[in-house]
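Residue numbers begin at 1 in each chain, while the letters A, B, ... track the order of the sequences.
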2 protein chains.
Amino acid sequence: MDLLSGPWTMYLLWVLSTQGPTRFGALKRRIEGISTKMLTERLRMLEAEGLLFRHYEPTVPPQVTYGLTERGQELISVLNLLDDLAVRWYGDAASPPCTDAPQ
Amino acid sequence: MDLLSGPWTMYLLWVLSTQGPTRFGALKRRIEGISTKMLTERLRMLEAEGLLFRHYEPTVPPQVTYGLTERGQELISVLNLLDDLAVRWYGDAASPPCTDAPQ
DNA sequence: CTGGATCCGAATCGATACTG
DNA sequence: CAGTATCGATTCGGATCCAG
């Protein structure tokens with residue numbers, strides 16, 4: 001509970017679940033409003049909990065990709081149920097802005 | 001998400017789910033560590049969201065009982081799944097102090 | 001591009017005192 | 001018993017600057 005209670009945490013997981021593995025900058029742009037500090041903190045915490053992985057590619061410039069681990073996926077399935085309730089109670093409008101056109 | 005992200009929120013719901021309708025003072029004692037202010041805030045918020053009800057009995061002294069609504073129960077079922085994951089990942093020790101012997 | 005370090009204002013939260 | 005009101009310490013989080 002403490003883990004998920006942090007700001008942006010659930011939303012970050014959610015974004016990763018809809019986008020698949022995503023790079024740091026893309027996440028920052030996608031989440032819009034989150035600060036570098038927050039994003040880094042959340043990513044570190046979730047990584048420490050084994051909910052997501054960090055893939056570092058030492059190119060120039062470096063590329064770092066984050067994605068859900070198996071545990072992360074399991075957690076997402078619970079969050080999906082939560083979303084079902086949210087939709088049922090508040091309607092689709094309450095859903096996160098899933099404006100993804102991933103192509 | 002914002003709703004559940006608040007401090008004590010999930011735990012409070014959890015306690016109410018294992019105790020059934022509970023009075024203010026009992027909740028405060030049960031949750032141990034929460035301040036009056038926090039508890040009141042959380043209760044108000046959850047009531048406003050229709051997750052729990054407030055029953056006021058104008059006796060002397062007054063008795064106020066809080067309990068889960070139907071919506072609250074639905075949400076608990078999701079939290080239970082979350083608990084399943086927690087137990088699987090961290091073991092029973094990480095569970096809330098569910099020291100209930102319901103028989 | 002991906003962060004780490006620092007500073008500082010804003011929001012939070014607990015403790016306390018008080019009421020019906 | 002069940003809160004409300006206020007105040008002050010603390011924490012939090014964003015902005016900024018810097019580096020590999």
Side-chain angles (χ1 to χ4, degrees), chain A residues 1-16 19-69 72 96-97 102, chain B residues 1-16 19-69 72 96:
Chain A
M1 294 182 180
D2 289 344
L3 176 59
L4 295 180
S5 291
W8 298 106
T9 311
M10 295 200 230
Y11 185 62
L12 174 55
L13 287 171
W14 190 270
V15 168
L16 280 174
Q19 309 283 315
T22 311
R23 290 178 51 189
F24 185 88
L27 277 176
K28 187 152 171 21
R29 260 172 277 119
R30 191 62 100 167
I31 297 191
E32 187 173 16
I34 197 172
S35 65
T36 305
K37 183 182 176 183
M38 249 307 88
L39 182 54
T40 306
E41 279 182 20
R42 256 52 247 180
L43 288 171
R44 293 282 176 278
M45 165 182 291
L46 293 174
E47 186 193 0
E49 294 292 331
L51 295 177
L52 52 81
F53 65 84
R54 177 179 190 269
H55 176 72
Y56 178 79
E57 201 65 41
T59 56
V60 178
Q63 299 193 358
V64 181
T65 306
Y66 295 90
L68 295 176
T69 61
Chain B
M1 294 181 179
D2 289 344
L3 176 60
L4 294 180
S5 291
W8 298 107
T9 311
M10 295 201 230
Y11 185 63
L12 174 55
L13 287 170
W14 190 269
V15 168
L16 280 174
Q19 310 282 316
T22 311
R23 291 177 51 189
F24 185 89
L27 277 175
K28 187 153 170 24
R29 260 172 276 117
R30 190 61 101 168
I31 298 191
E32 186 173 17
I34 197 171
S35 65
T36 305
K37 184 181 175 183
M38 249 304 91
L39 182 53
T40 306
E41 280 182 19
R42 256 54 247 180
L43 289 171
R44 294 280 177 278
M45 167 182 291
L46 292 174
E47 187 194 1
E49 294 293 330
L51 295 177
L52 51 81
F53 65 84
R54 177 180 189 268
H55 177 70
Y56 178 79
E57 201 65 42
T59 56
V60 178
Q63 299 193 359
V64 182
T65 305
Y66 295 91
L68 295 176
T69 60

Visitor: Specify the closest pair of heavy atoms between B:P7 and B:M38, including all atoms of both residues, with the distance to one decimal.
Guide: CG-SD, 4.0 Å

Visitor: Answer with base, sugar-phosphate or nothing: what part of the nucleic acid does B:T36 contact at a heavy-atom distance below 4.0 Å?
Guide: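 Counting heavy atoms under 4.0 Å across all strands, the contact made by B:T36 includes a base.
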
Visitor: Is any side-chain heavy atom of A:L52 less than 4.5 Å from a side-chain heavy atom of A:L16?
Guide: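 When only atoms from C-beta onward are counted, A:L16 and A:L52 do touch, with a gap below 4.5 Å.
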
Visitor: Would you call B:L46 and B:Y66 a side-chain contact if the rule is heavy atoms closer than 4.5 Å?
Guide: no

Visitor: With heavy-atom distances below 4.5 Å as the criterion, would you say the side chains of A:L3 and A:L51 are in contact?
Guide: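 SC-SC contact between A:L3 and A:L51 confirmed.
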
Visitor: Grab the CG-P distance between B:L39 and D:dC1 for me, whole Å please.
Guide: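 Checked: the CG to P distance equals 14 Å.
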
Visitor: Just to confirm, is there a sub-4.0 Å distance from OP1 or OP2 of D:dG20 to any side-chain nitrogen or oxygen of A:Y56?
Guide: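 No.
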
Visitor: Starting from C1' on D:dA2, measure out to CD on B:E47 and report it in whole angstrom.
Guide: 14 Å

Visitor: Please tell me which of A:P61 and B:F24 maps to the more 5' nucleotide of DNA chain D, matching each residue to the nucleotide holding its nearest heavy atom.
Guide: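 Taking each residue's closest nucleotide, the earlier one in sequence belongs to B:F24.
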
Visitor: Nearest to the B:R54 side chain among C:dG3, D:dG3, D:dC1, which nucleotide is it?
Guide: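 Out of C:dG3, D:dG3, D:dC1, the nucleotide with an atom closest to B:R54's side chain is D:dG3.
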
Visitor: From the options A:T40, A:T22, A:T36, select the one residue that forms a side chain to side chain contact (heavy atoms under 4.5 Å, CB included) with A:K28.
Guide: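 Going through the options one by one, the only one that passes is A:T36.
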
Visitor: From CE of B:M38 over to P of D:dT10, roughly how many Å is that when rounded to an integer?
Guide: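 That distance rounds to 18 Å.
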
Visitor: Measure CG/B:L27 against P/D:dC1 and give the value in whole Å, please.
Guide: 13 Å

Visitor: What's A:E41 touching, base or sugar-phosphate or nothing? Going by heavy atoms closer than 4.0 Å.
Guide: nothing

Visitor: Less than 4.0 angstrom between a side-chain N/O of B:R44 and OP1 or OP2 of D:dT4, yes or no?
Guide: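 For D:dT4, OP1 or OP2 has a side-chain N or O of B:R44 closer than 4.0 Å.
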
Visitor: Respond yes when some side-chain nitrogen or oxygen of B:R42 is under 4.0 Å from OP1 or OP2 of C:dT12, and no when none is.
Guide: no

Visitor: Using a cut-off of strictly less than 4.0 Å, decide whether A:R23 has a side-chain nitrogen or oxygen near OP1 or OP2 of C:dC1.
Guide: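 It does not, given that no N or O in the side chain of A:R23 lies less than 4.0 Å from OP1 or OP2 of C:dC1.
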
Visitor: Over how many whole Å does the gap from A:K28 atom NZ to D:dG13 atom P extend?
Guide: 15 Å

Visitor: Could you state the NE2-P distance from B:H55 to D:dC1, rounded to the nearest angstrom?
Guide: 17 Å

Visitor: From the set C:dG3, C:dG14, D:dG13, return the single nucleotide nearest to any side-chain atom of A:P7.
Guide: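 Looking only at side-chain atoms, A:P7 lies closest to D:dG13.
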
Visitor: Look at the side-chain N and O atoms of A:Y66 and state whether any lies under 4.0 Å from the OP1 or OP2 oxygen of C:dC1.
Guide: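 No.
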
Visitor: Over how many whole Å does the gap from A:K37 atom NZ to D:dC12 atom P extend?
Guide: 9 Å

Visitor: From the set C:dT2, D:dA2, D:dC7, return the single nucleotide nearest to any side-chain atom of B:P62.
Guide: D:dA2

Visitor: Please state how far atom CG in A:D2 lies from atom P in D:dC12, giving the value in whole angstrom units.
Guide: 12 Å

